[in-house]
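Note that ligands are numbered from 1 as they come in the structure, with each ligand's atoms numbered from 1 the same way. The first residue of the sequence shown is numbered 1, and numbering continues consecutively from there.
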Amino acid sequence: MRQAGRSLPEYRALRAGTAMLDACRTPELITEITLQPVRRHEVDAAILFSDIVVPLVAIGVAIDIVPGVGPVVDQPIRDTAGLDALRELDATDVPYVIEAVGALVAALGPTPLIGFAGAPFTLASYLIEGGPSRDHARTKALMHGQPVLWHALLNRLAVIAREFLRVQIAAGAAAVQLFDSWAGALSRADYERYVLPHSRSVLEPLADAGVPRIHFGVGTGEFLDLMRDAGADVVGADWRIPLDEAARRVGPGAVVQGNLDPALLLADWPVIEREVRRIVAEGRAAVGHIFNLGHGVLPDTDPAVITRVVELVHSLDR
Ligand code: CP3
């Protein structure tokens with residue numbers, strides 16, 4: 001998740017004096033920051049150090065990642081002229097990603113590298129709102145009020161996200177994850193009508209790419225089945241829903257990912273241990289379960305606690 005590194009002193013040391021998006025475009029930094037949590041916690045997979053807005057920055061959209069805030073867009077997209085500013089992405093736009101993925105695959109050996117992209121809805125929300133939003137009001141207004149523009153925008157973002165995933169797979173990523181972090185702001189009906197077709201157009205063409213596709217959103221318990229229908233092999237859930245119930249909703253053969261509440265990492269160890277055991281037990285209702293957090297690591301988390309959680313999960317292996 002996006003803040004995985006922030007709890008690590010070695011991450012803060014490496015990032016000191018370098019803006020987030022500059023770090024995301026420097027192959028040596030991408031490589032080293034990606035490896036840090038693997039080295040320290042001995043997790044089973046690495047997630048590429050990047051951000052969902054990196055492909056947008058790569059095609060020339062003026063975005064900054066403001067510390068403590070998130071992505072901020074210079075000129076929000078709210079009309080056809082704004083849409084025209086979004087061109088397609090190709091591999092030559094992100095050479096630093098290709099270089100870093102290559103170096104990482106070599107350094108990681110048998111540990112898989114997960115590539116990722118932001119889903120069309122979540123990217124659209126940042127672009128339309130101009131930054132992080134609690135209610136996604138302008139996004140929803142545009143979705144319902146200007147459906148033609150909406151679908152054109154999401155279609156374009158889907159093409160960008162798909163290409164960004166393809167580039168990472170071609171460079172050696174062993175799995176990909178599509179983050180629709182804010183899709184939980186939508187009703188099931190609106191998700192199905194306005195978002196699902198576009199997320200499907202990201203994931204479905206990657207069916208024969210030979211890597212598992214993970215699809216995750218926060219607060220998306222009401223439509224986990226639809227998130228699978230978009231073309232996901234693994235559906236991620238946040239902590240609001242128990243994993244056995246998530247598996248039931250995803251449907252037969254479900255493989256789920258999740259879902260320890262990141263806030264609980266700040267609780268006492270007996271609480272954490274009880275919750276980890278519960279989640280692993282509930283995950284056994286699914287055909288497969290990738291243990292992780294229900295969302296990103298909070299910056300104040302003690303890294304030693306994360307290491308201990310990883311050890312505990314490993315001790316509970318099937
Ligand atoms: O943890 C990792 O290093 C994995 C790489 C990763 C980042 N962003 C790096 C990052 C991943 C997978 C992301 C995805 C991402 N970025 C998402 C989807 C996943 C999710 O968490 O929901 C979203 C919504 C974003 C947008 C974004 N970027 C936000 C909301 C923030 C946090 C802003 C803040 O300071 O609170 C970022 C910044 C960001 N992306 C950081 C990292 C390591 C923090 C930068 C820092 O302060 O060091």
Inset, instruction - Considering the heavy atoms of P71, write down every atom of ligand 1 situated less than 4.0 Å from one of them. - result: 26 (C), 27 (C), 29 (C)
Legend entry - CG on L89 to CD1 on I59, rounded to 0.5 Å: 6.5 Å
Inset, instruction - Please confirm whether Y126 comes within less than 3.5 Å of ligand 1 when only nitrogen or oxygen atoms on both sides are compared. - result: no
Inset, instruction - On the 0 to 90° scale, with breaks at 30° and 60°, tag the F216-H295 ring pair as parallel, tilted or perpendicular. - result: tilted
Legend entry - Ligand-side contact atoms (ligand 1) for residue partner H295, heavy atom cut-off under 4.0 Å: 20 (C), 21 (O), 22 (O)
Legend entry - Mode of P132 contact toward ligand 1 - side chain, backbone, both, neither (heavy atoms, under 4.0 Å): neither
Legend entry - Part of Q177 with heavy atoms under 4.0 Å of ligand 1, whether side chain, backbone, both or neither: neither
Inset, instruction - May I ask you to list the atoms of ligand 1 that are less than 4.0 angstrom from any heavy atom of F179? - result: 12 (C), 18 (C), 19 (C)
Inset, instruction - Kindly indicate whether the side chain of R274, heavy atoms from C-beta on, has any atom under 4.5 Å from the side chain of W269. - result: no
Legend entry - G296 heavy atom under 4.0 Å from ligand 1: no
Inset, instruction - Quick one: look at V218 and ligand 1, take heavy-atom pairs under 4.0 Å, and tell me if it's side chain, backbone, both or neither. - result: neither
Legend entry - Cationic N near anionic O, under 4.0 Å, D225 to R249: no
Inset, instruction - Taking only Lys NZ, Arg NE, NH1 and NH2, and the carboxylate oxygens of Asp or Glu, determine whether E273 and R308 approach each other closer than 4.0 Å. - result: no
Legend entry - Any N or O of L48 closer than 3.5 Å to N or O of ligand 1: no
Legend entry - G68 neighbourhood, listing ligand 1 atoms whose heavy-atom distance to it stays under 4.0 Å: 34 (C), 35 (O), 36 (O)
Inset, instruction - For F49, take its heavy atoms, then give the atoms of ligand 1 lying under 4.0 Å from any of them. - result: 3 (O), 43 (C)
Inset, instruction - Return yes or no for this condition: an N or O of T122 is under 3.5 Å from an N or O of ligand 1. - result: no
Inset, instruction - Please state which part of F216 comes within less than 4.0 Å of ligand 1, counting heavy atoms only: side chain, backbone, both or neither. - result: neither
Legend entry - Aromatic ring pairing Y194/H151, orientation class (parallel under 30°, perpendicular over 60°, tilted between): parallel
Legend entry - Pair R248 + E245, salt bridge at N-O below 4.0 Å: yes
Legend entry - Shortest non-hydrogen separation from I272 to L265 and the atoms involved: CD1-O, 3.8 Å
Inset, instruction - Give the numbers and elements of all ligand 1 atoms closer than 4.0 Å to a heavy atom of R15. - result: 45 (C), 46 (C), 48 (O)
Legend entry - Geometric N/O contact W182 with ligand 1, under 3.5 angstrom: no
Inset, instruction - For the pair R25 and E99, find out whether any cationic side-chain nitrogen is under 4.0 Å from an anionic carboxylate oxygen. - result: no
Inset, instruction - May I ask you to list the atoms of ligand 1 that are less than 4.0 angstrom from any heavy atom of Y11? - result: 43 (C), 45 (C), 46 (C), 48 (O)
Legend entry - Ligand-side contact atoms (ligand 1) for residue partner G70, heavy atom cut-off under 4.0 Å: 33 (C)
Legend entry - Note: D93-R87 ion pair, threshold 4.0 Å (strictly below): yes
Legend entry - All pairs passing ring-ring contact (aromatic ring centres under 6.0 Å, His included) where residues 74-116 contributes a residue, at least two apart: F116-F179
